[in-house]
Engineer: 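Pasting a structure below so you can have a look.
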2 protein chains.
Amino acid sequence: MADLKRRNTRQKDAVRHALGEAIGFVSAQQLHLVLKNHGSTIGLATVYRALADLAEAGEADPLQSKDGELLYRACTTSHHHHLICRACGKTVEIEADRVEKWADEVASEHGFTQPSHTIDIFGTCSACQ
Amino acid sequence: MADLKRRNTRQKDAVRHALGEAIGFVSAQQLHLVLKNHGSTIGLATVYRALADLAEAGEADPLQSKDGELLYRACTTSHHHHLICRACGKTVEIEADRVEKWADEVASEHGFTQPSHTIDIFGTCSACQ
DNA sequence: AGGCTTATTGAGAACGATTGTCAATAACTG
DNA sequence: CAGTTATTGACAATCGTTCTCAATAAGCCT
Ligand SMILES: [Zn+2]
Ligand SMILES: [Zn+2]
Ligand SMILES: [Zn+2]
Ligand SMILES: [Zn+2]
């Protein structure tokens with residue numbers, strides 16, 4: 001389990017940048033297409049690996065889409081949740097200590113430890129009515 | 001769009017029953033294996049179709065697992081959420097009007113309509129510590 | 001700058017969950 | 001019971017993701 005030394009590569013930076021430009025949550029395949037269209041020769045597997053790394057580093061938030069795809073979004077590092085437009089993907093970050101506390105309380109009330117949670121809100125944004 | 005007439009089949013009943021026996025959330029493949037082990041000759045595709053039907057009818061709750069699998073559980077028909085043990089899958093149904101209201105308010109505060117949400121709590125249950 | 005070590009890349013194969021195809025079967029109707 | 005057609009089951013096909021592995025290039029040390 002000797003931790004391996006991470007290297008900074010031009011590819012990982014490209015993924016980070018493309019993710020930052022994206023509007024809402026995007027898939028690895030979408031990002032790969034965008035990068036290709038911009039002239040990059042980056043491989044699809046590399047995009048998958050870079051996104052997984054960014055998510056582990058807290059630089060990206062992962063989201064299981066309704067149809068089983070794994071989507072990512074560039075995010076602030078503090079814990080938060082998302083309000084997502086079903087039509088255009090526009091996303092608002094949500095913070096609510098009350099709900100965080102509620103989730104942990106529910107867990108401990110039932111004798112569950114090491115609580116974590118998944119909370120996402122969906123809707124149609126004002127521009128997409 | 002002529003709605004087609006649903007038929008009651010022995011296979012769908014078998015899936016419904018097997019789902020009821022299951023401990024927590026289970027996958028179509030798991031149910032298929034269980035049914036096979038009990039002597040059934042049901043096809044895998046049929047299990048997938050039956051579960052999708054049950055979910056649409058509100059008789060089962062779907063859950064996207066962390067690793068992209070679609071899991072199901074026999075549930076009450078009223079709206080609720082789940083507290084799930086990461087180790088053994090034991091599941092507790094949670095109802096909390098406060099949180100329901102909060103989610104809808106967050107949506108409307110940001111101009112989002114037709115709100116819906118995904119809320120799941122995970123932890124390690126007392127038996128699995 | 002030059003050379004060494006090894007993490008990272010990219011192309012393609014492999015994988016696993018899910019869905020589509022289609023002839024055979026079996027629910028319902030009357 | 002006979003006719004209509006929704007449903008079944010075996011298999012192929014799809015799709016997102018991961019694996020494999022030889023080639024490349026970061027980081028490090030002269
Ligand atoms: Zn929108
Ligand atoms: Zn939270
Ligand atoms: Zn448990
Ligand atoms: Zn709810």
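Lettering of chains follows the sequences in order, A, B, ..., and the numbering in each one begins at 1.
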Engineer: Going 5' to 3' through nucleotides 22-30 of chain C, assign each nucleotide B (protein heavy atom under 4.0 Å from a base atom), S (under 4.0 Å only from sugar-phosphate atoms) or - (no protein heavy atom that close).
Structural biologist: ----BBS--
Engineer: Counting just side-chain N and O atoms, does B:Y48 come under 4.0 Å of either OP1 or OP2 of C:dT19?
Structural biologist: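 Looking at the OP1 and OP2 atoms of C:dT19, neither is under 4.0 Å from any side-chain N or O of B:Y48.
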Engineer: With a 4.5 Å heavy-atom cut-off, do B:F122 and A:Q114 have their side chains touching?
Structural biologist: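 Of all side-chain heavy-atom pairs linking A:Q114 with B:F122, none is under 4.5 Å.
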Engineer: Any chance you could lay out the side-chain contact (heavy atoms from CB on, under 4.5 Å) test for B:K12 and B:R6, step after step, and finish with the verdict?
Structural biologist: CA-CA 11 Å; B:K12 196 170 295 185; B:R6 283 285 153 74; 4.1 Å; yes
Engineer: Give the angle between the helix axes at the two ends of the helix from C:dA1-D:dT30 to C:dG30-D:dC1, taking five base pairs at each end and rounding to 10°.
Structural biologist: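 Axis angle across the helix from C:dA1-D:dT30 to C:dG30-D:dC1, nearest 10°: 40°.
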Engineer: Membership question, hydrophobic clusters at under 4.5 Å side-chain separation (ILVMFWY): are B:I84 and A:V106 in the same one?
Structural biologist: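 Looking at the clustering, B:I84 is in a separate group from A:V106.
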Engineer: Quickly work out the B:Y72 OH to C:dT18 C1' distance and round it to whole Å.
Structural biologist: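 Rounding to the nearest Å, OH of B:Y72 and C1' of C:dT18 are 10 Å apart.
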Engineer: Are more than 12 heavy atoms from other residues, nucleotides or ligands located less than 6.0 Å from atom CG of B:L33?
Structural biologist: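 Enclosed.
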Engineer: Which nucleotide sits closest to the side chain of A:E69: C:dA11, D:dG16, C:dA17?
Structural biologist: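 Looking only at heavy atoms from C-beta outward on A:E69, the closest nucleotide is D:dG16.
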Engineer: Is it true that, when you exclude B:E56 itself, more than 12 heavy atoms of the residues, nucleotides or ligands shown sit nearer than 6.0 Å to its CD?
Structural biologist: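 12 or below, so no.
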Engineer: Starting at atom CG of B:D53, determine the distance to atom P of D:dT7, rounded to an integer number of angstrom.
Structural biologist: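 The answer, rounded to whole Å, is 7 Å.
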Engineer: Starting at atom NZ of A:K66, determine the distance to atom P of D:dC15, rounded to an integer number of angstrom.
Structural biologist: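 Nearest whole value for this atom pair: 22 Å.
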Engineer: What's the CG-C1' distance between B:L70 and C:dG16, to the nearest Å?
Structural biologist: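 About 14 Å, once rounded to whole Å.
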Engineer: Let me know the distance between NE2 of A:H32 and C1' of D:dT18, rounded to the nearest Å.
Structural biologist: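 Checked: the NE2 to C1' distance equals 15 Å.
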Engineer: Mind calculating the distance between CD (A:Q29) and C1' (D:dT14) to the nearest angstrom?
Structural biologist: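 Taking CD of A:Q29 and C1' of D:dT14, I get 12 Å after rounding.
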Engineer: Given atom NZ of A:K12 and atom C1' of D:dG27, what is their separation to the nearest angstrom?
Structural biologist: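 Taking NZ of A:K12 and C1' of D:dG27, I get 14 Å after rounding.
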Engineer: Rounded to whole angstroms, how far apart are CG on A:L71 and C1' on D:dG16?
Structural biologist: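 So the CG-C1' distance, A:L71 to D:dG16, works out to 11 Å.
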Engineer: Got more than 12 heavy atoms from elsewhere within 6.0 Å of CG, B:N37?
Structural biologist: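 It does: B:N37 CG has more than 12 such atoms within range.
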Engineer: Do the ring planes of B:H79 and B:H117 sit parallel (below 30°), tilted (30 to 60°) or perpendicular (above 60°)?
Structural biologist: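 Ring orientation of B:H79 relative to B:H117: perpendicular.
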Engineer: Within the 4.0 Å heavy-atom criterion, would you say A:T41 contacts the bases, only the backbone, or no part of the nucleic acid?
Structural biologist: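 Counting heavy atoms under 4.0 Å across all strands, the contact made by A:T41 is with sugar-phosphate only.
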Engineer: Is the closest side-chain heavy-atom distance between A:D61 and A:H80 below 4.5 Å?
Structural biologist: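 In short, these two side chains touch, coming nearer than 4.5 Å.
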Engineer: Do A:Y72 and A:L54 have side-chain heavy atoms sitting under 4.5 Å apart?
Structural biologist: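 A side-chain contact is absent here, since even the closest heavy-atom pair is not under 4.5 Å.
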